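Below is one structure; the comments refer to it alone.
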Amino acid sequence: MQQPTTTDIPPPQRQQREITRLCIQCALLLLQHGAESMVVEQLSTRLGLALGMDSVESSISANAVVLTTLSHGECLTTTRKNVDRGINMQMVTEVQHIVILAEHRLADAHDVARRLQKIRPLRYPRWLVVLMVALSCGCFSMLNGGDQKAFAVTFIASGLAMSVRQMLTARHMNPLINFCLTAFVATSVSGLLLRLPMFSQTSTVAMAASVLLLVPGFPLINAVADMFKGHINTGLARWAMASLLTLATCIGVVMAMSLWDLRGWS
(Lines give C-alpha, C1' and ligand atoms only; values in the text may rest on other atoms or scores of the structure.)
Protein backbone atom coordinates (compact mmCIF):
# COMPACT_ATOMS: atom_id res chain seq x y z
CA MET A 1 0.00 0.00 0.00
CA GLN A 2 1.41 3.39 -1.00
CA GLN A 3 2.15 5.77 1.85
CA PRO A 4 0.70 9.31 1.62
CA THR A 5 3.24 11.98 0.67
CA THR A 6 3.54 15.39 2.27
CA THR A 7 1.51 16.98 -0.52
CA ASP A 8 -1.34 14.53 0.13
CA ILE A 9 -1.75 15.72 3.74
CA PRO A 10 -4.45 18.40 4.21
CA PRO A 11 -3.03 21.87 5.05
CA PRO A 12 -4.42 21.96 8.63
CA GLN A 13 -2.81 18.62 9.49
CA ARG A 14 0.41 19.64 7.76
CA GLN A 15 0.49 22.83 9.84
CA GLN A 16 -0.20 20.88 13.05
CA ARG A 17 2.65 18.51 12.23
CA GLU A 18 5.09 21.39 11.73
CA ILE A 19 4.02 23.12 14.94
CA THR A 20 4.31 19.84 16.88
CA ARG A 21 7.86 19.46 15.61
CA LEU A 22 8.67 23.01 16.66
CA CYS A 23 7.22 22.45 20.14
CA ILE A 24 9.22 19.31 20.78
CA GLN A 25 12.36 20.90 19.32
CA CYS A 26 11.88 23.75 21.80
CA ALA A 27 11.42 21.28 24.68
CA LEU A 28 14.43 19.24 23.62
CA LEU A 29 16.75 22.24 23.37
CA LEU A 30 15.74 23.35 26.85
CA LEU A 31 16.12 19.90 28.40
CA GLN A 32 19.48 19.25 26.71
CA HIS A 33 20.99 22.45 28.09
CA GLY A 34 19.95 22.17 31.74
CA ALA A 35 16.55 23.83 32.09
CA GLU A 36 14.33 22.50 34.87
CA SER A 37 11.38 20.34 33.82
CA MET A 38 8.69 22.90 34.65
CA VAL A 39 10.37 25.46 32.38
CA VAL A 40 10.58 22.87 29.58
CA GLU A 41 6.89 22.02 29.95
CA GLN A 42 5.68 25.61 30.19
CA LEU A 43 7.69 27.02 27.28
CA SER A 44 6.83 24.19 24.88
CA THR A 45 3.14 24.61 25.79
CA ARG A 46 3.28 28.39 25.38
CA LEU A 47 4.91 28.03 21.96
CA GLY A 48 2.23 25.62 20.74
CA LEU A 49 -0.61 27.82 21.97
CA ALA A 50 0.99 30.92 20.45
CA LEU A 51 1.21 29.18 17.06
CA GLY A 52 -2.48 28.20 17.07
CA MET A 53 -2.80 24.85 18.82
CA ASP A 54 -5.79 24.26 21.09
CA SER A 55 -3.77 22.26 23.63
CA VAL A 56 -0.21 21.03 24.18
CA GLU A 57 0.62 18.23 26.61
CA SER A 58 4.07 16.86 27.34
CA SER A 59 5.72 14.12 29.36
CA ILE A 60 9.33 14.71 30.34
CA SER A 61 11.85 12.13 31.52
CA ALA A 62 15.61 12.20 31.92
CA ASN A 63 16.29 10.72 28.48
CA ALA A 64 13.19 11.47 26.38
CA VAL A 65 10.38 13.92 25.68
CA VAL A 66 6.87 12.92 24.57
CA LEU A 67 4.67 15.77 23.31
CA THR A 68 1.07 15.85 22.05
CA THR A 69 -0.77 18.67 20.31
CA LEU A 70 -4.53 18.99 19.88
CA SER A 71 -6.02 21.13 17.10
CA HIS A 72 -9.61 21.06 15.82
CA GLY A 73 -10.14 17.62 17.31
CA GLU A 74 -7.01 16.18 15.70
CA CYS A 75 -4.41 14.71 18.09
CA LEU A 76 -0.74 14.33 17.11
CA THR A 77 1.99 12.80 19.30
CA THR A 78 5.75 12.70 18.77
CA THR A 79 8.76 11.52 20.79
CA ARG A 80 12.37 12.61 20.86
CA LYS A 81 15.38 11.13 22.67
CA ASN A 82 17.27 13.49 24.95
CA VAL A 83 21.07 13.72 24.77
CA ASP A 84 22.77 15.85 27.42
CA ARG A 85 24.74 18.70 25.83
CA GLY A 86 25.91 20.41 29.00
CA ILE A 87 24.45 23.25 31.05
CA ASN A 88 24.13 26.44 29.01
CA MET A 89 21.70 29.10 30.19
CA GLN A 90 22.37 31.19 27.08
CA MET A 91 20.57 28.53 25.02
CA VAL A 92 17.66 28.49 27.48
CA THR A 93 17.41 32.29 27.27
CA GLU A 94 17.49 32.26 23.46
CA VAL A 95 14.67 29.70 23.28
CA GLN A 96 12.63 31.68 25.80
CA HIS A 97 13.12 34.82 23.70
CA ILE A 98 11.80 33.00 20.60
CA VAL A 99 8.71 31.83 22.51
CA ILE A 100 8.01 35.39 23.66
CA LEU A 101 8.28 36.64 20.06
CA ALA A 102 5.73 34.02 18.98
CA GLU A 103 3.37 35.01 21.80
CA HIS A 104 3.50 38.66 20.73
CA ARG A 105 2.77 37.70 17.10
CA LEU A 106 6.22 38.91 16.03
CA ALA A 107 7.19 35.47 14.66
CA ASP A 108 5.12 32.85 12.87
CA ALA A 109 5.90 29.12 12.59
CA HIS A 110 8.34 29.70 9.73
CA ASP A 111 10.23 32.39 11.69
CA VAL A 112 10.31 30.21 14.81
CA ALA A 113 11.75 27.29 12.83
CA ARG A 114 14.40 29.53 11.29
CA ARG A 115 15.38 31.05 14.64
CA LEU A 116 15.57 27.66 16.39
CA GLN A 117 17.85 26.40 13.63
CA LYS A 118 20.13 29.42 13.91
CA ILE A 119 20.80 29.48 17.67
CA ARG A 120 24.14 28.03 18.73
CA PRO A 121 25.54 27.60 22.25
CA LEU A 122 27.92 30.32 23.38
CA ARG A 123 31.33 28.90 24.29
CA TYR A 124 33.88 30.93 26.21
CA PRO A 125 37.57 30.50 25.31
CA ARG A 126 39.11 27.57 27.17
CA TRP A 127 41.90 29.67 28.69
CA LEU A 128 39.33 32.10 30.11
CA VAL A 129 37.32 29.28 31.70
CA VAL A 130 40.49 27.82 33.23
CA LEU A 131 41.52 31.22 34.57
CA MET A 132 38.15 32.04 36.15
CA VAL A 133 37.76 28.57 37.69
CA ALA A 134 41.27 28.79 39.17
CA LEU A 135 40.56 32.26 40.56
CA SER A 136 37.24 31.24 42.09
CA CYS A 137 38.70 28.15 43.77
CA GLY A 138 41.67 30.18 45.01
CA CYS A 139 39.36 32.83 46.47
CA PHE A 140 37.32 30.15 48.21
CA SER A 141 40.48 28.84 49.89
CA MET A 142 41.18 32.33 51.26
CA LEU A 143 37.58 32.71 52.45
CA ASN A 144 38.06 29.52 54.49
CA GLY A 145 41.17 30.61 56.32
CA GLY A 146 43.87 30.06 53.71
CA ASP A 147 46.68 32.53 53.13
CA GLN A 148 48.32 33.71 49.91
CA LYS A 149 50.30 30.48 49.62
CA ALA A 150 47.08 28.46 49.92
CA PHE A 151 45.63 30.64 47.17
CA ALA A 152 48.65 29.91 44.95
CA VAL A 153 48.43 26.14 45.52
CA THR A 154 44.68 26.10 44.86
CA PHE A 155 45.05 28.30 41.79
CA ILE A 156 47.64 26.00 40.19
CA ALA A 157 45.90 22.74 41.11
CA SER A 158 42.39 23.78 40.07
CA GLY A 159 43.67 25.37 36.86
CA LEU A 160 45.46 22.18 35.82
CA ALA A 161 42.45 20.09 36.85
CA MET A 162 40.12 22.24 34.76
CA SER A 163 42.42 21.87 31.77
CA VAL A 164 42.29 18.08 32.18
CA ARG A 165 38.51 18.19 32.50
CA GLN A 166 38.21 20.21 29.28
CA MET A 167 40.54 17.83 27.45
CA LEU A 168 38.55 14.77 28.56
CA THR A 169 35.25 16.45 27.72
CA ALA A 170 36.49 17.28 24.22
CA ARG A 171 37.20 13.55 23.76
CA HIS A 172 33.66 12.67 24.91
CA MET A 173 34.89 10.83 27.98
CA ASN A 174 32.22 9.38 30.26
CA PRO A 175 31.35 12.12 32.82
CA LEU A 176 31.95 9.78 35.79
CA ILE A 177 35.45 8.89 34.59
CA ASN A 178 36.04 12.55 33.75
CA PHE A 179 35.17 13.70 37.27
CA CYS A 180 37.22 10.92 38.86
CA LEU A 181 40.36 11.72 36.86
CA THR A 182 39.93 15.46 37.33
CA ALA A 183 39.61 15.03 41.10
CA PHE A 184 42.68 12.80 41.06
CA VAL A 185 44.71 15.47 39.25
CA ALA A 186 43.51 18.32 41.48
CA THR A 187 44.22 16.43 44.71
CA SER A 188 47.58 15.11 43.48
CA VAL A 189 48.86 18.51 42.37
CA SER A 190 47.69 20.36 45.48
CA GLY A 191 48.89 17.62 47.84
CA LEU A 192 52.32 17.33 46.23
CA LEU A 193 52.75 21.11 46.20
CA LEU A 194 52.02 21.19 49.94
CA ARG A 195 54.99 18.84 50.45
CA LEU A 196 57.41 21.44 49.07
CA PRO A 197 59.40 23.33 51.75
CA MET A 198 57.95 26.69 50.75
CA PHE A 199 54.39 25.38 51.28
CA SER A 200 55.06 23.15 54.28
CA GLN A 201 53.15 25.44 56.67
CA THR A 202 50.28 26.09 54.25
CA SER A 203 46.76 25.11 55.31
CA THR A 204 45.46 21.92 53.72
CA VAL A 205 42.23 23.78 52.90
CA ALA A 206 43.95 24.23 49.53
CA MET A 207 43.38 20.53 48.79
CA ALA A 208 39.66 20.82 49.47
CA ALA A 209 39.29 24.06 47.53
CA SER A 210 41.05 22.67 44.46
CA VAL A 211 38.22 20.17 43.76
CA LEU A 212 35.36 22.64 44.16
CA LEU A 213 35.11 22.95 40.39
CA LEU A 214 33.57 19.44 40.43
CA VAL A 215 30.68 20.23 42.78
CA PRO A 216 27.48 19.46 40.75
CA GLY A 217 25.55 22.39 42.17
CA PHE A 218 23.32 23.14 39.19
CA PRO A 219 22.08 19.54 38.72
CA LEU A 220 21.32 19.30 42.44
CA ILE A 221 19.35 22.56 42.40
CA ASN A 222 17.40 21.42 39.34
CA ALA A 223 16.74 18.04 40.96
CA VAL A 224 15.23 19.63 44.06
CA ALA A 225 13.23 22.12 41.94
CA ASP A 226 11.84 19.30 39.77
CA MET A 227 10.75 17.24 42.77
CA PHE A 228 9.13 20.23 44.49
CA LYS A 229 7.19 21.06 41.30
CA GLY A 230 5.87 17.56 40.71
CA HIS A 231 8.38 16.12 38.25
CA ILE A 232 9.49 13.39 40.63
CA ASN A 233 10.99 10.99 38.09
CA THR A 234 13.12 13.62 36.36
CA GLY A 235 14.18 15.07 39.71
CA LEU A 236 15.24 11.68 41.05
CA ALA A 237 17.17 10.94 37.85
CA ARG A 238 19.04 14.22 38.10
CA TRP A 239 19.67 13.66 41.81
CA ALA A 240 21.04 10.20 41.10
CA MET A 241 23.37 11.52 38.39
CA ALA A 242 24.61 14.33 40.63
CA SER A 243 25.22 11.81 43.42
CA LEU A 244 27.18 9.54 41.08
CA LEU A 245 29.31 12.50 39.97
CA THR A 246 29.99 13.33 43.63
CA LEU A 247 30.92 9.69 44.30
CA ALA A 248 33.28 9.68 41.30
CA THR A 249 34.92 12.85 42.64
CA CYS A 250 35.38 11.26 46.07
CA ILE A 251 36.95 8.16 44.49
CA GLY A 252 39.44 10.36 42.62
CA VAL A 253 40.35 12.24 45.80
CA VAL A 254 40.81 9.03 47.83
CA MET A 255 42.90 7.45 45.06
CA ALA A 256 45.25 10.44 45.00
CA MET A 257 45.58 10.61 48.80
CA SER A 258 46.26 6.87 49.01
CA LEU A 259 48.76 6.82 46.14
CA TRP A 260 50.85 9.75 47.36
CA ASP A 261 50.19 9.23 51.10
CA LEU A 262 48.88 12.80 51.46
CA ARG A 263 47.85 14.32 54.75
CA GLY A 264 44.15 14.82 55.24
CA TRP A 265 42.09 17.98 55.00
CA SER A 266 41.80 20.18 58.03
Side-chain angles (χ1 to χ4, degrees), residues 19-49 53 55-70 75-99 116-117 119-123 165-166 168-183 211-252:
I19 293 174
T20 303
R21 288 174 177 170
L22 292 176
C23 290
I24 202 164
Q25 184 181 0
C26 166
L28 200 58
L29 283 172
L30 292 168
L31 191 61
Q32 286 176 338
H33 292 93
E36 63 177 270
S37 300
M38 183 61 72
V39 173
V40 176
E41 181 180 327
Q42 289 180 345
L43 288 179
S44 58
T45 300
R46 286 166 55 185
L47 179 60
L49 297 178
M53 296 295 99
S55 175
V56 179
E57 303 291 340
S58 58
S59 175
I60 301 168
S61 65
N63 54 6
V65 180
V66 181
L67 186 137
T68 300
T69 59
L70 181 66
C75 188
L76 186 61
T77 301
T78 185
T79 306
R80 293 291 185 277
K81 182 179 180 181
N82 175 46
V83 178
D84 184 26
R85 300 191 183 279
I87 296 169
N88 194 319
M89 289 298 102
Q90 174 256 343
M91 289 290 290
V92 175
T93 304
E94 290 288 342
V95 173
Q96 187 175 25
H97 179 65
I98 293 172
V99 173
L116 288 176
Q117 286 295 120
I119 59 176
R120 295 291 182 271
L122 174 65
R123 304 293 185 191
R165 180 179 175 181
Q166 289 179 332
L168 295 175
T169 301
R171 287 163 173 74
H172 306 287
M173 181 69 70
N174 183 289
L176 299 177
I177 300 176
N178 187 332
F179 271 53
C180 182
L181 294 179
T182 303
V211 297
L212 286 179
L213 60 102
L214 298 173
V215 174
F218 206 94
L220 287 172
I221 292 172
N222 273 350
V224 174
D226 283 349
M227 287 187 283
F228 266 104
K229 296 175 183 179
H231 294 273
I232 304 297
N233 292 337
T234 309
L236 288 175
R238 285 177 165 172
W239 185 281
M241 188 60 192
S243 300
L244 287 174
L245 291 175
T246 303
L247 176 61
T249 301
C250 294
I251 292 173

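Computed from a prediction, not measured in an experiment: that's the story for all the values here. Note: hydrogens, waters and symmetry copies are ignored here, and every other heavy atom, side chains too, is used.
With sequence neighbours excluded, the residues satisfying side-chain contact (heavy atoms from CB on, under 4.5 Å) with Thr69 are Gln16, Thr20, Met53, Val56, Leu67, Leu76. Take Thr68 and apply the side-chain hydrogen bond (donor to acceptor under 3.5 Å, both in side chains) test, not counting sequence neighbours, and it matches Thr77. Listed by chain and number, the residues in a side-chain contact (heavy atoms from CB on, under 4.5 Å) with Thr169 are Arg165, Asn178 (sequence neighbours excluded). Under the side-chain contact (heavy atoms from CB on, under 4.5 Å) criterion, Asn63 pairs with Ser61, sequence neighbours left out. Taking the side-chain hydrogen bond (donor to acceptor under 3.5 Å, both in side chains) definition, one finds that Gln166 meets it with nothing, sequence neighbours left out.
Counting all heavy atoms, side chain and backbone alike, Pro216 lies closest to Leu245 at CB-CD1, 4.4 Å. A pairwise comparison of heavy atoms in Val40 and Ala27 identifies CG1-O, 3.5 Å as the closest pair. Taking both residues in full, the closest heavy atoms of Leu47 and Cys26 are given as CD2-CB, 3.8 Å, listed atom of the first, atom of the second, then distance. For the residue pair Leu28 and Lys81, the shortest heavy atom distance occurs at CD1-O, 3.6 Å. Shortest non-hydrogen contact noted between Lys229 and Met38 is O-CE, 3.5 Å.
Note that OG of Ser44 and CD1 of Ile60 are 6.0 Å apart. Values are rounded to the nearest 0.5 Å. We find the CG-CG distance between Asp84 and Leu31 to be 8.5 Å, quoted to the nearest 0.5 Å. Expressed to the nearest 0.5 Å, how far CD of Glu41 lies from CG of Leu30 amounts to 12.0 Å. Distance check, rounded to the nearest 0.5 Å: CD1 of Ile251 to OG1 of Thr246 gives 11.0 Å. Of the inter-residue distances, the one linking Phe179 atom CZ with Asn174 atom CG reads 11.0 Å to the nearest 0.5 angstrom. For the atom pair Ser243 OG and Arg238 CZ, the distance stands at 14.0 Å (nearest 0.5 Å).
Put simply, the side chain of Val66 does not reach to within 4.5 Å of the side chain of Thr78, judged on heavy atoms. Counting heavy atoms from C-beta outward, Gln117 and Gln25 have side chains that approach closer than 4.5 Å.
Side-chain atoms of Asn222 come within 3.5 Å of backbone N or O of Gly34 as a donor-acceptor pair. A donor-acceptor pair under 3.5 Å is absent between the side-chain atoms of His231 and the main chain of Met227, judged by distance alone.
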| request: Check the pair Ile177, Leu168 against side-chain contact (heavy atoms from CB on, under 4.5 Å), reporting the backbone distance first and the verdict last. | output: CA-CA 9 Å; Ile177 300 176; Leu168 295 175; over 6 Å; no
| request: Please assess Val65 against Thr79 for the test side-chain contact (heavy atoms from CB on, under 4.5 Å), listing each intermediate value before the final yes or no. | output: CA-CA 6 Å; Val65 180; Thr79 306; over 6 Å; no
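Using a 3.5 Å distance cut-off with no hydrogens or angles, the side chains of Ser37 and Asp226 do pair a donor with an acceptor.
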Show every donor-acceptor pair shorter than 3.5 Å between a side-chain atom in residues 89-99 and any protein atom, with sequence neighbours excluded, or say none if there are none.
residue, atom, partner, partner atom, Å
Gln90, OE1, Leu122, N, 2.7
Gln90, NE2, Arg120, O, 3.3
Thr93, OG1, Met89, O, 2.8

